[in-house]
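Quick note: numbers below take in every heavy atom, side chains included, and nothing from hydrogens, waters or symmetry partners. As the structure lists them, so they are numbered: ligands from 1, and atoms in each ligand from 1.
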Amino acid sequence: MADTTPFLVIAIDGGAASGKSSTSRALSARFNLMHVDTGSFYRAITFKLLEAGLAPTDEAGVQAALPRLALGTRVDGRTAKMEIAGWTPGEEIRSAQVNENVSRFAAIPAVRKFLLEYQRGQAAVARAHRFAGLVMEGRDIGSVIFPDADLRFFLEASPEARAGRRAAEGQVDQIHERDKLDSTRKTAPLVCPAGAIAIDSTHLSLEQVVGKASELIRAKGLRD
Ligand code: DC
C-alpha cells in the first residue's frame with residue numbers, strides 16, 4: 001500500500017527568546033521532523049562577515065563578500081547545520097559580539113536574498129533524509145520563506161519572561177534592541193502573518209506550548 005503520511009512544513013516565528021528553539025526541538029523529536037534554526041544561519045553569516053573585518057554599515061562590502069561564502073548543510077541527528085566552506089559554526093555564534101551585530105546584518109536585503117533559496121532548499125534536504133517534515137524557526141518563515149507552510153506558529157512572551165530565559169542561559173543579549181531592529185526593518189520584518197497561530201507562552205510551560213502545537217500537527221496527519 002502506498003504511504004499516505006504527509007510531509008509537513010511547520011514554520012515557527014517569534015521574537016528573541018520567545019521559546020522558538022525549545023519548542024522546535026521538542027516537536028522535531030516528537031514527530032521526527034528535521035529542525036532548522038534559521039537564526040543560527042544569520043549568526044554564522046554575521047560571524048564570518050565580522051571575521052572578514054566588515055561592519056553592517058558597509059552594505060557594498062557585505063554584498064561583495066557574500067558570494068565567497070560557500071554554503072553547505074550537514075544533518076546532525078535531527079538538526080540541519082549550516083557549513084561555510086567546511087566550517088561548522090559552534091558556540092562562537094552565540095557570543096555577545098554576534099548578538100550585538102546580527103540584527104544589523106540581517107536587515108541588509110542582500111544578506112536576506114543570499115539566504116532565501118538556501119532556506120527553502122532545506123525542505124529537499126529533509127525529504128532526502130526521510131524525515132516526516134521540517135520545523136523551521138526564525139522571524140520571516142511563515143511570511144516570506146514558507147508562506148504556504150502546513151502550519152505557521154507565532155510565539156510571544158512578555159519582555160520579563162524572555163529576559164529571564166536568556167539570563168537563565170547565562171547569555172548577554174539585547175532582546176529588546178534586537179526585536180526593535182527585527183520588527184522595523186524594511187525587508188521581511190518580524191510580523192505575525194495573517195492566518196498564523198499565535199501562542200503566548202508567558203504563563204505556559206514548554207510542555208503546554210508543545211502540547212498545543214502537537215494537537216494541530218496530529219490533526220494534519222502526523223503521528224508521534
Ligand atoms: O533566532 P535568533 O535570536 O538566534 O536570531 C538571531 C538574529 O537573526 C535575529 O535577531 C534576527 C535574525 N533573523 C532573521 O532576521 N530572520 C530569521 N528568519 C532568523 C533570524
Q) Who are the side chain to side chain donor-acceptor pair (under 3.5 Å) partners of R74, not counting sequence neighbours? A) E83

Could you state the interatomic distance from [atom1] ([X]) to [atom2] ([Y]), rounded to the nearest 0.5 Å?
X    : Y    : atom1 : atom2 : value
R43  : N101 : CZ    : CG    : 11.0 Å
S24  : H35  : OG    : NE2   : 4.5 Å
F41  : Y118 : CZ    : OH    : 4.5 Å
H129 : T73  : NE2   : OG1   : 9.5 Å

Pick out the protein N or O atoms lying less than 3.5 Å from any N or O of ligand 1, and list each pair with its distance.
{"from": "ligand 1", "atom 1": "1 (O)", "to": "R139", "atom 2": "NH1", "distance (Å)": "2.9"}
{"from": "ligand 1", "atom 1": "3 (O)", "to": "R139", "atom 2": "NH2", "distance (Å)": "2.9"}
{"from": "ligand 1", "atom 1": "3 (O)", "to": "R178", "atom 2": "NH1", "distance (Å)": "2.8"}
{"from": "ligand 1", "atom 1": "3 (O)", "to": "R178", "atom 2": "NH2", "distance (Å)": "3.4"}
{"from": "ligand 1", "atom 1": "4 (O)", "to": "R43", "atom 2": "NE", "distance (Å)": "2.7"}
{"from": "ligand 1", "atom 1": "4 (O)", "to": "R43", "atom 2": "NH2", "distance (Å)": "3.4"}
{"from": "ligand 1", "atom 1": "10 (O)", "to": "S103", "atom 2": "OG", "distance (Å)": "3.0"}
{"from": "ligand 1", "atom 1": "10 (O)", "to": "R178", "atom 2": "NH1", "distance (Å)": "2.7"}
{"from": "ligand 1", "atom 1": "10 (O)", "to": "D182", "atom 2": "OD2", "distance (Å)": "2.8"}
{"from": "ligand 1", "atom 1": "15 (O)", "to": "R112", "atom 2": "NH1", "distance (Å)": "2.8"}
{"from": "ligand 1", "atom 1": "15 (O)", "to": "R112", "atom 2": "NH2", "distance (Å)": "3.4"}
{"from": "ligand 1", "atom 1": "15 (O)", "to": "R185", "atom 2": "NH1", "distance (Å)": "2.8"}
{"from": "ligand 1", "atom 1": "15 (O)", "to": "R185", "atom 2": "NH2", "distance (Å)": "3.1"}
{"from": "ligand 1", "atom 1": "16 (N)", "to": "R112", "atom 2": "NH2", "distance (Å)": "3.0"}
{"from": "ligand 1", "atom 1": "18 (N)", "to": "T38", "atom 2": "OG1", "distance (Å)": "3.1"}
{"from": "ligand 1", "atom 1": "18 (N)", "to": "R139", "atom 2": "N", "distance (Å)": "3.0"}
{"from": "ligand 1", "atom 1": "18 (N)", "to": "D140", "atom 2": "OD1", "distance (Å)": "2.9"}

Q: Indicate if F114 and V36 have the same hydrophobic cluster label, given that clusters are the connected sets of ILVMFWY residues with side-chain heavy-atom separations under 4.5 angstrom.
A: yes

